[in-house]
Visitor: 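Have a look at this one.
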Amino acid sequence: MSAPAMTPLVRIEDLSIALPRGADRPFAVETLSLTLNAGEIVCVVGESGSGKSMTASALMGLLPPSLPVRSGRIMLGERDIVRLSEDELRAIRGPEIGMIFQEPMTALNPLRTAGDQIAEMFRAHTDLPRAEIEARALKLLDEVGIPEPASAYRAYPHELSGGQRQRVMIAMALALEPKILIADEPTTALDVTIQAQILELIRDIQRRTGMAVLFITHDFGVVAEIADRVMVMQHGKVVESGSAEAVLHDPQHPYTKALIAAVPSLTPPPPRALPDQTIATVRDLSKTYRTGGGWFGRKQRVTYAVKSATISLPSQATLGIVGESGSGKSTLARCIVRLLDPDSGAIELGGVDFGGLAGEALRRQRHLVQMVFQDPYASLNPRRSVGDLVTQGLIARGTKRSDAMARAKELFALVGLDPAATDRLPHEFSGGQRQRIGLARALALEPKVLVADEAVSALDVSVQAQVLKLLVELRDKLSLSMIFITHDLRVAAQICDRIAIMQRGEVVEHGITADIFAAPKHPYTQKLLSAVPGRAN
Amino acid sequence: MKALKHFLMSPAAMLGLVLLVVIIGLALFADVLYPRDPLGLAGRPLQWPNPAGRFLLGTDASGRDIAAQIAHGARTTLLMGIVSTLIAIVIGIVIGALAGFYGGLTDDVLMRLTEAFQTLPNFILLLVLVVVVGSNMTAVTIAIGVVSWPAVARLTRAEFLTLRNREFVQACRTLGLTNRWIIFREVLPNALAPIIVYGSVVMATAILLESALAFLDLSDPNIASWGNLIGQGRKVLRSEWYVSAIPGVAILLTILSVSLVGQGLNDALNPRLRNR
């Protein structure tokens, strides 16, 4: 640590935040104590619902009225944040404590320019002249590493990339030189290469200014990159805290151990022996999106989402399609299952020209390939029982209702759910259980190929590990051939026999997983691999 | 069930529900309360309301019992309101669902049609329809349904536009379900809550439209309805104003009860608005 250490800026003492009655536990945060010193980065780690974001909100005095502080104090110098009035809090937010959020697109006002929003901080809290404010805002944009600060100053949020938007948020949070920065999952919505840059930026600024950073995250890779101290939370309680070194390498609490063990390793297992046949091939598939363009000759904008992609899937193998957002991996997956119509190219599935089918013929062959979706909450119709969801494909193909229901119960047992639960509604299940239901639905039609589109990305790391384990078990038991779309190289390393790396719609590298991880050939693959957080651990 | 509980806890919604139940009861028991023909001569014309006398709410210019007409009129008004609302909702849902689900050319054609209906003032269109097809109650009910669907179609379309790209709908497509199945069994149930709530607005407007027609003597004169009674009272409005005022209050209370129930449903079915 470089900055003058051990000057306590904030002391949280025995903080308890109540949950509304009827919740699964009485407190969102229970008897939490934490001291935040100048010049250090403290990471609060936990899975969803652990109370980590509540802690950050309490520190900003931003708790919703339904979640009152029951006991404890948050001492900022001589003041107790819990007991301050709204006016006094407003004077603290910005000049003394800055905050950055997970999703910069929703945290920025879409109708005002980036520069204007940074300048707002000065206008609200100081009485500097206009010219001085503009000069300072420009300087801030430069400091957070935005290329061409002058043009970014005039840009609207939608004209900036995700990483640039997060830099603008950081510039706003730093505008009044607060002593404390709260970062609530600031890199979760970003691509891995951008995440690496933002983490470096935060650490860099923290070293330069000597401020204290409270960094909320669920990702142990990020913790390894940035933390000086770590606090692990579970069900609203702190289960372990200590230096980053100690917690990461010598965790004491079983929960911490389980969390760290659940992070997939970046070293792929040795390749499996696979049969020679190919079950699916995609040849020269292209998909463009046309936006704008109308009757009056406005110019059309053409975006190549997928550009002559060629991949092949050996029978019983798992092919990972890896890329960052906008790389076209999801578009490719949706073309393969024919949710989107490709512009050109061929898709062959188990000897059927699947890409050439249309209308009724396509509908009759849709059972050949099935998909597991990303969002466990949006992918199940909330108004139908989970048994209905699993059986409806079979019933549409002419299976008798009672037979289909019997099959659904078998599938439920297969994916590790209680077969008696088929008459419940989706909201009665947790995220991981919902993904299992989605999997049962996809398997019901006995597809030749299963496409999983970021199927574990929305899940907590321990649940993710369970679902991945299930996928591997099913793959071996049912001889499944799988296409696995992911942005997470760690997940890809563990589950995929082969991977295809996509960048800007093109497959830039394609081969056996172990080979690519050992010796990436394409510069983009190298960049991706080196950006994975916590790769040293 | 949470929604039902929330509905029952809201005083405004309960007031609306009680009012509505009273009006429905009045309609159901009209024959028991006033077994005689409500349009038959009952006594001396233009008697003022007198709770102690023979005529609780007085008589109109033709000597007919106003209370009997109100009770029997409740039947007409409610039946007409419900049926025309159903017509409007069914047309609206079908057009909105097709436009929202298929998009593209289908959407363009159906939405231009909807706009064509919307740009014409409802009442003028209704007048034209009634003049063309005649003014018996069935024709009036259908005509009111036919002029009231565009807003329902727009609402349904908006719901479908957001729902059709949800992952559960895509999942249904990959399962090989037919479009008809997806539209009516998967998407529609999820879009129905705001449409049902909007139904209360359609019903209130339908009742008003019918009264306005009757006021102009364009509704069915052979059936006791509140609108007809107001029309009757028009001629004696300055001296015996109660003839128009009593059915006017009945219409007011009915519309109030329907909108209170609708608002209560809206609050109960949209959990996100609850804590405002």
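In this text the structure is predicted, and so the values were computed from the model without any measurement. We use all heavy atoms of the structure for the numbers below, so side chains are in, but hydrogens, waters and symmetry mates are not. Residue numbers start from 1 in every chain, and the chains themselves are labelled A, B, ... in the order their sequence lines are given, proteins ahead of strands.
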Visitor: With respect to chain B, which residue among A:D453, A:L445, A:V451 yields the maximal number of heavy-atom pairs within a distance under 4.5 Å?
Guide: A:L445

Visitor: Which atoms of A:I395 come close to chain B, meaning under 4.5 Å heavy atom to heavy atom: side chain ones, backbone ones, both, or neither?
Guide: side chain

Visitor: Most heavy-atom pairs under 4.5 angstrom with chain B, which of A:E360, A:R364, A:R363?
Guide: A:R363

Visitor: Checking heavy atoms, do the side chain of A:L380, its backbone, both or neither come under 4.5 Å from chain B?
Guide: backbone

Visitor: Could you check if a side-chain atom of B:N179 sits within less than 4.5 angstrom of a side-chain atom of B:Y102, using non-hydrogen atoms only?
Guide: yes

Visitor: Tell me whether A:R407 is salt-bridged to A:E446, with the criterion being a basic N under 4.0 Å from an acidic carboxylate O.
Guide: yes

Visitor: Is it the backbone or the side chain of A:R334 that comes under 4.5 Å from a heavy atom of chain B, or both, or neither?
Guide: side chain

Visitor: Give the member of A:G438, A:P447, A:P382 that has the highest number of heavy-atom pairs under 4.5 Å with chain B.
Guide: A:P382

Visitor: My understanding is that only residues two or more places apart in sequence, or in another chain, count here; which of them pass ring-ring contact (aromatic ring centres under 6.0 Å, His included) with B:Y198?
Guide: none

Visitor: If you look only at distance, which donor and acceptor atoms sit under 3.5 Å apart when one is on a side chain in residues 366-375 of chain A and the other is two or more places apart or in another chain?
Guide:
| unit_1 | atom_1 | unit_2 | atom_2 | d |
| --- | --- | --- | --- | --- |
| A:R366 | NE | B:R173 | O | 3.1 |
| A:R366 | NH1 | A:V337 | O | 3.0 |
| A:R366 | NH1 | A:R338 | O | 3.3 |
| A:R366 | NH2 | A:R338 | O | 3.1 |
| A:Q370 | NE2 | A:R366 | O | 3.2 |
| A:Q370 | NE2 | B:T174 | O | 2.8 |
| A:D375 | OD1 | A:Y377 | N | 2.7 |
| A:D375 | OD1 | A:A378 | N | 3.4 |

Visitor: Quick one: do A:D388 and A:R441 make a salt bridge, cutoff under 4.0 Å?
Guide: no

